[in-house]
A.B. asks: 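Supplied in structure tokens, the structure appears directly below.
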Amino acid sequence: MISQNNKPRIFVSLMILLIAVWALWPSIELQFFPPDNNAEIEALKKESIKLGLDLQGGASFLLEVEIPTLVENLAVSVKPKADSLLAAIISDAKKGDSQETFISRFVQAATTNEIQLRRHFEGLGSTNAEIESGLNAAANDAINQVLEILQNRVDEFGVSEPTIQKQGSHRIIVELAGVTDTDRAEALLERTALLEFIYLKDGSSTQNIISKIDALAELDTVEADTDSSLLKIADETLLETEAISINNFTSLLIPTPSGDMGVPLSNRSRVNNILEQEDVKQIIQKDYGRFVWSSDPLKSSEEQEETYILYYLDADPNNPELTGQVVEDAVADIYNGQPIVRLGMNSEGAKTWSVITSRVGDRVAIVLDNKVHMAPSIRSKITDGRTQVEGLDDMEEAKDIAIVLRAGKLPAPIRKVYGHEVGPALGQDSVDKGTTSILVGLVIVLLFMLIYYKFSGLIADIALIWNILLVLAVLAMLDATLTLPGIAGLILTVGMSVDANVIIFERIREEMRKGKTVRAAIDSGYTRALTTIIDANVTTLLVALILWQFGTGPIKGFAVVLFAGIAISMFTAIFFTRTIFNIITSRKQLKTLSI
């Protein structure tokens, strides 16, 4: 019969065992009994132990925040002439090798040209030196904001335990374990997510600006040695001829069924070249206009050339301004069989949206990252701050746009310094070698304990196996990620988990040599060993906890497994093995103990 004192211990041990098996079952099923359905496999992966980038592969990126663009965004226009000089200084400062020194190069150039930066950067200081300090602080804040936004985006993307951390002052490392679609991940990270709602210019204003642009290209033929800036408009292949034919702007456009300006793909580069001319940019700026391309080409048959729409937007500063900062909610959905993103705005955004949509009959372009996704006509005033974005390629794009809109707009663009895919072959090799090392270490420890401590060693071996089972179960329940350093921590746990048992068994041997009975020796051995076990393990637990809290990447993976392994080894040594000894000694009066 089992004594009443042992029943609670047995109940607790069995409950913990059942919970551990329940937590590990998805991992067991995925490893040994994988289902045929891909959806079921993906569901099991979410519940099973997650593997890190070094074990299952994935994507790794090094990103850099565009500090020059951040400085341009912070600049406040004062005088056109001064702004032109400021733009020239920024352009020259960009030519430096390192973005980390861009701000100092920019301020130095401004000081050399006797430009008072306080007129362009309000609230950052009164002298150029103070402005430099303010710009550096703004850049540091921008980096931290980018880190937070990227973290939010990746979390919603569904990557478990990503690594996102600063490298230097302006670069960020992003490691995404298990990601196979690296192009989609890269687009999600780099998307600025600048959402704008802008009126379209009416037909007469659009035709007027086209006529003005045409007037700048009245000459049909230009000699090859002419210094005219119009030479920049022509394709480089035409420069080989003695005379260059310059088409006017209108000839590059074609009508579309919606009445908008269409541009065949073959003409798009020429149109961009024309719009980049300084004299053309000036007349557009004076008209408070802005040309923006459609996000996707018009649907056409395979024989027809792709055609993009060129929208002429009303950039009048007196118009109500509405950006994605007012978006409170963004959800990917299906409408009439097409993917869309439904938007909900805050009270301020709803009020501005109500003003914008009061101009019934006008058209509003929904612009995301300087591309028009749709430009519908206003049918009625909208007061609840609700709208939707259409014109998306597929549901994946809709989901990604919804993610970046919810996470927020980046304070400055980021560019990829490098990015590569980590192949699963390397990860599988690491898993195989790690598994082998664990098994070899486990077998050696099990044999040593069995040979040296005999039957008591068998009890310690059971506790050791139970310990590993519980560590893996904790990883599964915490949704933690097992990395290569984590496997190292698991190997270390195998060795350390028997340490407490060795201390206890040696104390029991000492008590038995003193002539005590088996039951008394066991009680005294556990009592004497308890202080030593706690003292030896708590200090290591504290170190593991610090590494877990402040470490990143591999260090954190190691700390998680080490912390769980040590804590569980104390439980199995003090509670579980004692329960087995209590059961053995309660059934009959033992004269000797195999130890």
Side-chain angles (χ1 to χ4, degrees), residues 38-39 42 153 156-158 181 183-184 187-188 191 193-203 254-265 292-313 322-324 326-346 349-350 352-407:
N38 289 332
E42 291 300 320
R153 291 183 182 182
E156 293 204 42
F157 190 60
D181 191 347
D183 291 337
R184 182 188 172 199
L188 182 72
R191 192 189 292 270
L194 175 58
L195 179 66
E196 303 169 281
F197 301 86
I198 309 174
Y199 289 119
L200 262 68
K201 291 277 192 180
D202 56 33
I254 61 174
T256 64
S258 61
D260 293 308
M261 292 181 291
V263 179
L265 182 60
V292 180
W293 292 100
S294 60
S295 59
D296 295 304
L298 296 174
K299 294 181 179 179
S300 59
S301 61
E302 294 182 0
E303 296 78 13
Q304 293 177 320
E305 185 180 6
E306 285 187 346
T307 299
Y308 286 81
I309 296 178
L310 184 63
Y311 293 96
Y312 188 47
L313 308 184
L322 190 63
T323 65
V326 302
V327 174
E328 278 191 335
D329 189 31
V331 180
D333 202 353
I334 297 292
Y335 179 73
N336 288 338
Q338 299 298 320
I340 64 169
V341 177
R342 298 190 185 277
L343 303 177
M345 304 177 188
N346 58 25
T352 306
W353 187 233
S354 176
V355 174
I356 291 175
T357 55
S358 64
R359 288 169 48 171
V360 177
D362 286 0
R363 296 177 66 187
V364 175
I366 298 180
V367 186
L368 181 62
D369 290 341
N370 206 35
K371 293 181 180 178
V372 176
H373 280 267
M374 57 185 300
S377 297
I378 301 173
R379 298 178 182 175
S380 61
K381 185 176 181 179
I382 302 174
T383 59
D384 60 359
R386 294 282 174 181
T387 189
Q388 63 189 40
V389 180
E390 300 176 5
L392 308 176
D393 289 336
D394 49 40
M395 198 60 184
E396 292 298 330
E397 183 185 13
K399 290 179 180 178
D400 290 348
I401 289 176
I403 288 173
V404 297
L405 289 179
R406 285 196 297 268

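The first residue in the sequence is number 1, and the count goes up from there. Just so it is clear, the model here is predicted, and its values are computed rather than measured.
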A.B. asks: Only counting residues at least two apart or in another chain, list the ones meeting side chain to side chain contact (heavy atoms under 4.5 Å, CB included) with Asp394.
C.D. replies: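 Per chain and number, Asp394 pairs via side chain to side chain contact (heavy atoms under 4.5 Å, CB included) with Glu396, Glu397.
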A.B. asks: Among pairs that include at least one residue of residues 374-384, which meet side chain to side chain donor-acceptor pair (under 3.5 Å), considering only residues two or more places apart or in two chains?
C.D. replies: none
A.B. asks: Do His373 and Val341 touch side chain to side chain, with heavy atoms closer than 4.5 Å?
C.D. replies: no
A.B. asks: Restricting to side-chain hydrogen bond (donor to acceptor under 3.5 Å, both in side chains), what partner residues turn up for Arg342, sequence neighbours left out?
C.D. replies: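 So Arg342 forms a side-chain hydrogen bond (donor to acceptor under 3.5 Å, both in side chains) with Asp333, Gln388.
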A.B. asks: How long is the span from the CD1 atom in Ile340 to the CD1 atom in Ile334, to the nearest 0.5 Å?
C.D. replies: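 Nearest 0.5 Å value for the CD1-CD1 distance: 8.0 Å.
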A.B. asks: Hey, are the side chains of Ser258 and Leu298 touching, using non-hydrogen atoms and a 4.5 Å cut-off?
C.D. replies: no
A.B. asks: Could you walk me through whether Leu368 and Val389 pass the side-chain contact (heavy atoms from CB on, under 4.5 Å) check?
C.D. replies: CA-CA 10 Å; Leu368 181 62; Val389 180; over 6 Å; no
A.B. asks: Provide the closest heavy-atom pair for Ala398 versus Pro339 in the form atom of the first, atom of the second, distance.
C.D. replies: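 Where Ala398 meets Pro339 most closely, the heavy atoms are CB-CB, 4.1 Å.
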A.B. asks: What residues, two or more places apart in sequence or in another chain, satisfy side chain to side chain contact (heavy atoms under 4.5 Å, CB included) together with Lys371?
C.D. replies: Ser295
A.B. asks: Taking side-chain hydrogen bond (donor to acceptor under 3.5 Å, both in side chains) as the definition, give me every residue that meets it alongside Tyr312, ordered by chain and number, with sequence neighbours left out.
C.D. replies: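 With neighbours one apart ignored, the set is Asp287.
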A.B. asks: Got a sec, which residues hit side-chain hydrogen bond (donor to acceptor under 3.5 Å, both in side chains) with Asn346, two or more places apart in sequence or on another chain?
C.D. replies: none
A.B. asks: Which atoms form the tightest heavy-atom contact between Met345 and Gly349, and what is the distance?
C.D. replies: SD-O, 3.7 Å
A.B. asks: Run the side chain to side chain contact (heavy atoms under 4.5 Å, CB included) test against Val327 and tell me which residues pass, sequence neighbours left out.
C.D. replies: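 Val327: side chain to side chain contact (heavy atoms under 4.5 Å, CB included) contacts with Leu195, Ala330, Leu343.
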A.B. asks: Is there side-chain contact between Phe197 and Ile366, with at least one heavy-atom pair below 4.5 Å?
C.D. replies: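 The answer is yes, as the side chains (C-beta and beyond) meet within the 4.5 Å cut-off.
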A.B. asks: Does the side chain of Val372 reach to within under 4.5 Å of the side chain of Trp293, using non-hydrogen atoms?
C.D. replies: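 No - every pair of side-chain heavy atoms lies 4.5 Å or more apart.
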A.B. asks: Please tabulate, for side-chain N and O atoms in residues 354-365, each donor-acceptor pair with protein atoms closer than 3.5 Å (sequence neighbours left out).
C.D. replies:
residue : atom : partner : partner atom : Å
Thr357  : OG1  : Trp353  : O            : 2.7
Thr357  : OG1  : Ser354  : O            : 3.3
Thr357  : OG1  : Ile382  : N            : 2.9
Ser358  : OG   : Val355  : O            : 2.5
Arg359  : NE   : Asp362  : OD2          : 2.8
Arg359  : NH2  : Asp362  : OD2          : 3.0
Arg363  : NE   : Ala375  : O            : 3.0
Arg363  : NH1  : Asp260  : OD1          : 2.7
Arg363  : NH2  : Asp260  : OD2          : 3.3
Arg363  : NH2  : Ala375  : O            : 3.1

A.B. asks: Under the rule for side chain to side chain contact (heavy atoms under 4.5 Å, CB included), what residues qualify as partners of Ala350, not counting sequence neighbours?
C.D. replies: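 Per chain and number, Ala350 pairs via side chain to side chain contact (heavy atoms under 4.5 Å, CB included) with no residue.
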A.B. asks: What distance separates Ile198 CD1 from Thr323 OG1, expressed to the nearest 0.5 Å?
C.D. replies: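 So the CD1 of Ile198 and the OG1 of Thr323 are separated by 10.0 Å.
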